[in-house]
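These values consider heavy atoms only, across backbone and side chains, with no hydrogens, waters or symmetry-generated copies. Every chain is numbered from 1, with letters handed out A, B, ... down the list of sequences.
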There are 2 protein chains.
Amino acid sequence: MGWRAVDRAELTSTAQNAEAPDYLLEDQVGHLLRRAHQRHTSIFQANIGDQQLTPLQFAALMKLADVGEASQNHLGRLTAMDAATMQGVIKRLIARDLIARRPDPDDRRRLLLTLTTEGVALVDKATARGHEISDQTLGPLAPADRQAFLKLLRRLTD
Amino acid sequence: MGWRAVDRAELTSTAQNAEAPDYLLEDQVGHLLRRAHQRHTSIFQANIGDQQLTPLQFAALMKLADVGEASQNHLGRLTAMDAATMQGVIKRLIARDLIARRPDPDDRRRLLLTLTTEGVALVDKATARGHEISDQTLGPLAPADRQAFLKLLRRLTD
DNA sequence: CCCCAATTGTTCGTACACGAACGATGGTCG
DNA sequence: CGACCATCGTTCGTGTACGAACAATTGGGG
């Protein structure tokens with residue numbers, strides 16, 4: 001959808017350096033990670049279906065279904081979002097009645113988050129979509145390469 | 001810096017499902033790509049030095065140094081940014097006198113971008129930093145694994 | 001018990017990311 | 001030539017991302 005492949009036909013069009021430059025953007029990990037993430041987001045939007053869910057909103061819902069109940073900061077750590085980002089994600093999910101927020105009786109600083117009935121229903125319906133999205137993202141890799149890739153990728157996240 | 005590892009001590013704290021859930025966020029490619037990209041951004045900010053440059057601004061400068069001259073949309077395709085994102089990146093680089101913009105005499109729709117003297121000087125000084133950042137990002141992988149990882153990652157970007 | 005450092009949630013400001021719509025220009029084809 | 005469609009740059013709106021500062025609350029050490 002939004003994602004566009006780099007136009008390779010243009011790569012050598014206006015080159016001023018005939019020799020190889022000492023820094024090639026398309027060989028850098030950061031650039032490749034960014035493009036792979038762009039492609040994944042595009043696949044996500046095309047497959048999540050009618051529900052208007054972003055990858056972060058989906059991640060928050062799925063993690064909340066996993067742990068049952070969590071404070072905002074806790075859920076943020078579990079999904080790798082900082083407190084400020086969490087604000088917006090939570091706000092939009094609450095506005096759609098997919099999650100509910102109540103004060104923690106044991107700690108007046110905290111707000112406990114849970115899925116609503118509607119949220120549980122959406123999670124049940126969207127779980128298969130999630131796996132489908134992961135499959136399509138890894139689609140270009142041979143089945144044998146996928147586990148190896150995930151193992152290496154996971155090392156770059158700790 | 002901004003990036004935080006998922007707190008593994010909290011992963012099982014409030015679990016309501018004793019059995020394994022059917023969708024584990026931390027095993028999904030999209031989540032891992034996002035976290036790896038977060039970590040890379042953090043490494044970038046810590047190593048780019050005194051210059052206040054973001055990864056996208058750095059990419060635009062480096063690509064422009066590579067091709068010499070390009071229109072906004074062309075440079076956007078070469079760096080995988082859409083036209084709207086390019087607006088902000090270009091605006092900030094022009095405000096800092098790192099790049100210059102002039103109308104294309106052959107096509108009145110286009111604006112040609114080039115590095116200024118100051119921009120060339122910054123690129124020369126920052127190139128080594130760029131390689132250092134890529135090395136640190138791949139740091140957790142054994143040297144033999146790095147090429148294999150990049151090869152697989154590149155397949156997920158086309 | 002009181003002070004103090006840490007944690008929680010919130011807001012502000014800046015910077016990507018991209019769909020969508022727009023006016024201006026360019027090339028093409030009948 | 002003229003209708004037509006693609007491309008260029010721009011703007012608007014929504015949604016991440018995150019540093020920084022803030023008030024309220026908690027827990028621990030002296």
Distances under 3.5 Å between nitrogen or oxygen atoms of protein and nucleotides 11-16 of chain C:
unit_1 : atom_1 : unit_2  : atom_2 : d
C:dC16 : OP1    : B:Thr54 : OG1    : 2.5
C:dC16 : OP2    : B:Gln57 : NE2    : 3.4
C:dC16 : OP2    : B:Arg92 : NE     : 3.0
C:dC16 : OP2    : B:Arg92 : NH2    : 2.9

Throw together a table of side-chain donor-acceptor distances under 3.5 angstrom for residues 125-133 of chain A, partners on residues two or more places apart or in other chains.
unit_1   : atom_1 : unit_2   : atom_2 : d
A:Thr127 : OG1    : A:Val123 : O      : 2.7
A:His131 : NE2    : B:Asp22  : O      : 2.6
A:Glu132 : OE2    : A:Gln136 : NE2    : 3.0

Between A:Thr79 and A:Met86, the two heavy atoms sitting closest are OG1-CE, 3.8 Å

Does [X] place a side-chain N or O at less than 4.0 Å from the phosphate oxygens OP1/OP2 of [N]?
{"X": "B:Asn73", "N": "D:dT7", "result": "no"}
{"X": "A:Gln45", "N": "C:dC18", "result": "no"}
{"X": "B:Arg35", "N": "D:dA17", "result": "no"}

So, under a plain 3.5 Å distance rule, would you say the side chain of B:Arg109 forms a donor-acceptor pair with the base of D:dT7? yes

From the set D:dC18, D:dG9, C:dG26, return the single nucleotide nearest to any side-chain atom of A:Asp82. D:dC18

Among C:dA17, D:dA17, C:dT8, the one nearest any side-chain atom of A:His37 is D:dA17

In terms of ring plane angle, is the pair A:Phe44 and A:Phe58 parallel, tilted or perpendicular, where the classes change at 30° and 60°? perpendicular

Protein-nucleotide distance ([X], atom [atom1]; [N], atom [atom2]), rounded to Å:
{"X": "A:Asp104", "N": "C:dG9", "atom1": "CG", "atom2": "P", "result": "9 Å"}
{"X": "B:Leu78", "N": "D:dC8", "atom1": "CG", "atom2": "P", "result": "12 Å"}
{"X": "A:Leu93", "N": "D:dG15", "atom1": "CG", "atom2": "P", "result": "10 Å"}
{"X": "B:Arg108", "N": "C:dA24", "atom1": "CZ", "atom2": "C1'", "result": "9 Å"}
{"X": "A:Met81", "N": "D:dG15", "atom1": "CE", "atom2": "C1'", "result": "12 Å"}
{"X": "B:Lys91", "N": "D:dT11", "atom1": "NZ", "atom2": "C1'", "result": "11 Å"}
{"X": "A:Leu75", "N": "C:dT7", "atom1": "CG", "atom2": "C1'", "result": "17 Å"}
{"X": "A:His74", "N": "C:dT8", "atom1": "NE2", "atom2": "P", "result": "10 Å"}

Could you walk me through whether A:Gln28 and B:Ser134 pass side chain to side chain donor-acceptor pair (under 3.5 Å), step by step? CA-CA 6 Å; A:Gln28 309 303 314; B:Ser134 293; 2.6 Å; yes

Do B:Arg39 and B:Thr137 come close enough that some side-chain heavy atom pair is under 4.5 Å? yes

Contact class for B:Thr41 (heavy atom, under 4.0 Å): base, sugar-phosphate, or nothing? nothing

Exercise answer: donor-acceptor pairs, residues 138-152 of chain B side-chain atoms, under 3.5 Å, sequence neighbours excluded:
unit_1   : atom_1 : unit_2   : atom_2 : d
B:Arg146 : NE     : B:Leu138 : O      : 3.3
B:Arg146 : NE     : B:Leu141 : O      : 3.1
B:Arg146 : NH2    : B:Leu141 : O      : 3.2

Among B:Asp66, B:Leu64, B:Val67, B:Asn73, which residue meets the side-chain contact (heavy atoms from CB on, under 4.5 Å) test with B:Leu78? B:Val67

